[in-house]
*Asks:* 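Encoded as structure tokens, here's the structure I'll be asking about.
Letters go in sequence order (proteins before strands), and every chain restarts at 1. Every value quoted in this text rests on a predicted model; they were computed, and no experiment measured them.
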There are 2 protein chains.
Amino acid sequence: MSRSYHHGALAEAMVDQALASVRGQGADQVSLRAIAQALDVSPSAAYNHFADKDDLLRAVGACGLAALDERMSRVLAAHLPDTPDAARARFSGLGRAYLAFAIDETHLFQLTFGPICEVKEIPPEGTGPYLKLMAALDDLDRWGLLKSGTRDGLDLIVWAATHGMATLLVEGAVPPEAAGVFIDSMARLITD
Amino acid sequence: MSRSYHHGALAEAMVDQALASVRGQGADQVSLRAIAQALDVSPSAAYNHFADKDDLLRAVGACGLAALDERMSRVLAAHLPDTPDAARARFSGLGRAYLAFAIDETHLFQLTFGPICEVKEIPPEGTGPYLKLMAALDDLDRWGLLKSGTRDGLDLIVWAATHGMATLLVEGAVPPEAAGVFIDSMARLITD
DNA sequence: TCCGGATATGAACAGTGTTCAGTCTAGCGT
DNA sequence: ACGCTAGACTGAACACTGTTCATATCCGGA
């Protein structure tokens, strides 16, 4: 065996290497040849595991989505109790986690939600982060914490606002400090 | 003169051609060489007018921002009167224009707000679209149409939500029909 | 009329993603 | 234990890409 990737480890190795490259220089600057070279493998070896360069990048994008999802899971685990206060903390915490991901994984965020990865549709069950955010919203509603008569359509608003704030942070259109302000304003706007 | 661009028209011609290419295939697929060829010009001619390929694309991105701004200006011109109803119409109309731009100029939107163009900062006065949206918000406030005590921080929320909804539409994460629902929900949420 | 500065050229360089004919080898069926 | 096949990998090639630079061309002002 030694340095021969004959036993199926190449696919994972390439994703890892590509992930590192994306983190460091952004998806546009990533070179398939460079990745192959870093792994001491011929460039064409990649095509046994990925149809495309974009196919490889999509795999990296999936890692990004998983990383975001894990951050949000950690937030939920930190506020388990079924109380109004915990429900509030979950909602704010999820939003903060989303924005924090955008701030310190800028390039990965851009790839994950960029043109290459094309998040399919909301159905069948939507992406993990989306579901978690909506569940937190349901919790707030269940405790009667939402301003009355605002529930319908709120999914879309909250999702759009959170995701939009993240992209504004990523684009540098807004400074990182604005993230906290945003979360507080949002909570103030929809709850009472 | 004939087909010789010797008299300074090359820069504009290249931007036009690049704009068309971006509209048709997206910024990633645009080739500087192809643009030059379409204009019967050597590839290196571009470097008398633009430092980079990215420099050219930035010029195209600026066109995109201008196009969005013009759509929004048209909306304002259609609802001039200084009445509460007109203020409401202006706010909703601006939002709708923003989303409409995202829907039928997908590729241009992606370039304009993508990594290449890097919207500088909000200051000195921010981009046109941002300013118009905030002015519409001020108008609503002036007429006392906003829910009491929600004004501070609302700029960020509305901006993020609108821009975020636009990117969700662009990414295909949400169907075009959702745009109307979004605008109505937003109006319902912040006004009474 | 001549000159100078902007403008366009053509060839070259270094790099890219992708294809394909051929090589190697790990592991299954007999 | 053997041969064989299916999968993994290579190396060279193709058709591109953005970018540079020495060279040639043209236009307007002195």
*Asks:* Please confirm whether the backbone N or O of B:L76 pairs with a side-chain atom of B:K132, one donor and one acceptor, at under 3.5 Å?
*Replies:* no

*Asks:* Give me the residues of residues 45-58 of chain B where at least one heavy atom lies under 4.0 Å from an atom of DNA chain D, by number, or none.
*Replies:*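 B:Y47, B:D52, B:K53, in order of number.
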
*Asks:* Is there side-chain contact between B:V174 and A:W159, with at least one heavy-atom pair below 4.5 Å?
*Replies:*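 Sidechains of A:W159 and B:V174: in contact.
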
*Asks:* Compute the ring centroids of B:H163 and B:Y130, then answer whether they are less than 6.0 Å apart.
*Replies:* no

*Asks:* Rounded to the nearest 0.5 Å, what separates atom CZ in B:F109 from atom OG1 in B:T106?
*Replies:* 9.0 Å

*Asks:* Starting at CG of A:L10 and ending at C1' of C:dA26, how long is that distance when rounded to a whole Å?
*Replies:* 16 Å

*Asks:* Using whole Å, what does the distance between atom C1' of nucleotide C:dT7 and atom CG of B:D40 come to?
*Replies:*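 To the nearest whole Å, that distance equals 16 Å.
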
*Asks:* Measure from CD on B:Q37 to P on C:dT9 and round the result to the nearest Å.
*Replies:*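 Taking CD of B:Q37 and P of C:dT9, I get 12 Å after rounding.
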
*Asks:* What residues from residues 15-34 of chain B pass a heavy-atom cutoff of under 4.0 Å to DNA chain D?
*Replies:*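 B:V30, B:S31, B:L32, B:R33, in order of number.
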
*Asks:* Salt bridge check, A:R23 against A:D104: does any charged N sit closer than 4.0 Å to a carboxylate O?
*Replies:*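 No.
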
*Asks:* How close do B:L57 and B:A27 get, heavy atom to heavy atom, and via which atoms?
*Replies:* CD1-O, 4.5 Å

*Asks:* Which heavy atom in A:M14 sits nearest to a heavy atom in A:I35, and how many Å separate them?
*Replies:*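 Residues A:M14 and A:I35, closest heavy atoms: CE-CG2, 3.5 Å.
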
*Asks:* Please tabulate, one pair per line, all N/O donor-acceptor pairs under 3.5 Å involving side-chain atoms of residues 84-91 of chain A, not counting sequence neighbours.
*Replies:*
{"unit_1": "A:R88", "atom_1": "NH2", "unit_2": "A:D192", "atom_2": "O", "d": "2.8"}
{"unit_1": "A:R90", "atom_1": "NH1", "unit_2": "A:H79", "atom_2": "O", "d": "2.7"}
{"unit_1": "A:R90", "atom_1": "NH1", "unit_2": "A:P81", "atom_2": "O", "d": "3.2"}
{"unit_1": "A:R90", "atom_1": "NH2", "unit_2": "A:D139", "atom_2": "OD2", "d": "2.9"}

*Asks:* Measure CD1/A:I35 against C1'/C:dG15 and give the value in whole Å, please.
*Replies:* 15 Å

